[in-house]
Amino acid sequence: ATLVASLLHTTADKVADLAEVVWDKTSGVPFYVTQMIYSLYSEMHLDFSPNDFSWHYDVAKIAKMTRVGGNDMLSHSLHSLEPERLRVLSLAACIGQTFNLETLAVIADKTEVEASALLLPTVWRGFVQETSSALRHTHEGGEATQDSAEPEALAKSYCFVHDKVYEACYALL
């Protein structure tokens, strides 16, 4: 319940019933838990109400959903990406478990800025993560800002977060 609560920025007791169903369907694998919560939200089975600052869902309906194996859930999540992002991920998998932006940009026939822009949502979705960067931050009013239009500000290398993600992206070729 703690992971689900953390993902939804709430307390475990408020989502205990949802966490139990998610645990059952994902066997508690953190990557799959995260992907399932994202899928439930994007498919509108999970809704946040700003009026009462709480999450709304039909736990019985979610429980009746077909149990999806981890690989099926991963495939579904990957195929929900735009085709060009999926293409860039599969090209990244050709490079290896870890890859750098410069090489990816060359084989994808993109600039580094374009390749980085295509990868960013895959970082947010938890498919890849930055492993090194040359981020330049300035502090204005106490907040860090980033000029993403400058190549020097882009993450320079990435890795797939899990072997299964890497394998699934490689299999897309």
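Bear in mind that the values here come from a model prediction, so they are computed numbers and not experimental data.
Distance check: Leu172 CG to Cys94 SG gives 10.0 Å after rounding to the nearest 0.5 Å. Taking CD1 of Ile37 as the reference point, atom CG of Leu7 lies at 6.5 Å (rounded to 0.5 Å).
Residue Val22 is not grouped with residue Met44 when hydrophobic side chains (ILVMFWY) are merged at heavy-atom distances under 4.5 angstrom, including chains of intermediate members. With hydrophobic clusters built from ILVMFWY side chains whose heavy atoms lie under 4.5 angstrom apart, Phe48 shares a cluster with Val4. Residues Tyr38 and Phe127 do not share a hydrophobic cluster, clusters being chains of Ile/Leu/Val/Met/Phe/Trp/Tyr side chains in contact below 4.5 Å.
Phe99 meets the side chain to side chain contact (heavy atoms under 4.5 Å, CB included) test with Ala92, Ile95, Leu104, Leu119, Val128, Tyr158, Phe160; sequence neighbours excluded. With sequence neighbours excluded, the residues satisfying side chain to side chain contact (heavy atoms under 4.5 Å, CB included) with Thr98 are Cys159.
Contact of the Leu40 side chain with the Met65 side chain is registered, since non-hydrogen atoms from C-beta on lie closer than 4.5 Å.
Chaining together hydrophobic side chains whose heavy atoms lie under 4.5 Å apart places Leu120 alongside Trp124.
Here the shortest heavy-atom pairing between Ala19 and Ala1 reads CB-CA, 3.4 Å. Nearest heavy atoms, Thr11 versus Ala5: C-CB, 3.6 Å.
For CD of Glu84, the number of neighbouring non-hydrogen atoms (other residues, nucleotides, ligands) closer than 6.0 Å is greater than 12.
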